[in-house]
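All values derive from a computational prediction rather than experimental measurement.
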Amino acid sequence: FKKTAQTAVQLQNILLDGVAIADFSPVKTDYAVDFEGTRPVLTWVAGDGQTVQRLEKQDTVLLVVTDGADYATYRIAFRRTLSDDATLAAILLDGVALEEFVPTNTNYTINLPAGATMPVVTYQAGHPAKTIIMGGLEPMKTGITVQAENGASNTYTLTFAVALYSDATLADLQVEGHTIGYQPTQTEYTLSLDEGMPMPALHYTAREGQRVVLSEPNDNEQRIAVTAENGTTITYIIKYTRTISGNALLADILLDGVSL
């Protein structure tokens, strides 16, 4: 079947997925249609009193139009093209879309707060025919490689930067046998200590990421140096004033270990 469309036997339109072919003309009988993915649905509009027989072989469709006395044949050749789209539609961190994501930008640095762990990375592919491979490049770096149908590829790289702890204040500080009214931002305390009494023990609670060093005490002072993860340092100083007791009384007298 191959005959040029005549005036009396012609299609009124040819449609792809419900949309008219851009260059359609009733007297034009050969069309080439390029498409990606799924082949579009072919429909047509025939003239009054005309019937259409559809014949198909692989990706070529013949529409034979007849009014019983004459006929015309329209040929539509479908040509599937390979997609060159190697981009993602979205990147998600713990299920939340990365706000700054742009499909054409392949490098991202994600700043995380101190103490945070790397979130779970997922993605939305976009074009269904892509091949996507995701894997860790380094302990805090993830790569997502996207390959298009035609072989073109992109690799998205996500680098995670965890902030260092910056707080160098202790969570708590206590001096054995004394109430000091500890305040994290107050770094000096003065306490009274009886002459001859040994230095009291210091008890402290450090925060995450801190390094604490107790200096060797002298008779009048104890120091605690606290360094945060980012290098910030605070030194707490406990000073002692020695007092001479006026109490000349014994606390107890014992005979063979028994109090009088």
Side-chain angles (χ1 to χ4, degrees), residues 16-19 22 32-41 59 78-173 183-185 187 204-214 224-236:
L16 300 174
D17 287 339
V19 179
V33 177
D34 294 329
F35 70 95
E36 289 184 10
T38 304
R39 198 177 84 177
V41 176
D59 283 330
F78 290 95
R79 299 181 301 195
R80 187 174 185 276
T81 59
L82 298 179
S83 171
D84 62 355
D85 185 357
T87 62
L88 291 175
I91 294 176
L92 301 93
L93 305 179
D94 286 340
V96 179
L98 181 64
E99 290 186 2
E100 61 266 36
F101 176 76
V102 177
T104 54
N105 181 12
T106 58
N107 289 284
Y108 297 89
T109 297
I110 314 299
N111 294 314
L112 300 175
T117 57
M118 196 170 81
V120 176
V121 179
T122 54
Y123 56 82
Q124 292 178 357
H127 196 284
K130 295 171 182 172
T131 299
I132 300 176
I133 301 172
M134 185 173 72
L137 303 178
E138 295 175 12
M140 294 300 286
K141 184 179 289 188
T142 294
I144 307 172
T145 299
V146 185
Q147 187 173 44
E149 284 184 299
N150 71 346
S153 65
N154 273 321
T155 296
Y156 294 85
T157 301
L158 285 75
T159 302
F160 296 91
V162 180
L164 299 177
Y165 288 102
S166 60
D167 189 352
T169 64
L170 290 174
D172 191 24
L173 175 61
Q183 297 293 327
T185 56
T187 58
Y204 62 86
T205 302
R207 302 183 194 274
E208 192 73 32
Q210 290 180 340
R211 181 170 57 89
V212 180
V213 177
L214 277 70
I224 303 178
V226 185
T227 303
E229 194 177 24
N230 72 341
T232 301
T233 299
I234 289 178
T235 299
Y236 292 91

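To the nearest 0.5 Å, the span separating CG on Asp85 from CG on Asn154 amounts to 9.0 Å. For the atom pair Arg39 CZ and Asp17 CG, the distance stands at 11.0 Å (nearest 0.5 Å). The CE atom of Met118 sits 11.0 Å away from the CD1 atom of Ile110 when rounded to the nearest 0.5 Å.
Between Leu112 and Met140, the shortest heavy-atom distance links the atoms CD1-CE, 4.5 Å. When all heavy atoms of Arg207 and Thr169 are compared, the pair lying nearest together is NE-O, 2.7 Å. Between Thr81 and Glu36, the shortest heavy-atom distance links the atoms OG1-CG, 3.3 Å. Counting all heavy atoms, side chain and backbone alike, Ala89 lies closest to Phe101 at O-CE2, 3.4 Å.
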- [ ] Applying salt bridge (Lys or Arg N to Asp or Glu O under 4.0 Å), run through Asp59 and Arg79 and close with a yes or a no.
- [x] CA-CA 7 Å; Asp59 283 330; Arg79 299 181 301 195; over 6 Å; no
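A donor-acceptor contact shorter than 3.5 Å is absent between the side chain of Tyr204 and the backbone of Val212. A donor-acceptor pair under 3.5 Å is formed between the side chain of Tyr236 and the backbone N or O of Leu170. Side-chain N or O atoms of Ser153 include none that pairs as donor or acceptor with a backbone N or O of Gly151 at under 3.5 Å. A donor-acceptor distance shorter than 3.5 angstrom exists from the side chain of Glu149 to the backbone of Ser83, with no hydrogens or angles considered. Side chain of Gln210 to backbone of Asp167: a donor-acceptor contact under 3.5 angstrom is found.
A donor-acceptor pair shorter than 3.5 Å cannot be found between the side chains of Thr109 and Thr159. Counted by atom type alone, Asn230 and Thr232 present one or more donor-acceptor pairs between their side chains at under 3.5 Å.
Side-chain contact check for Met134 versus Thr122: every heavy-atom pair is 4.5 Å or farther apart. Side-chain atoms of Tyr156 and Leu98, non-hydrogen and from C-beta on, never get closer than 4.5 Å to each other.
Checking Leu158, Thr157, Thr142 one by one against Leu137, the side-chain contact (heavy atoms from CB on, under 4.5 Å) holds for a single residue, Thr157.
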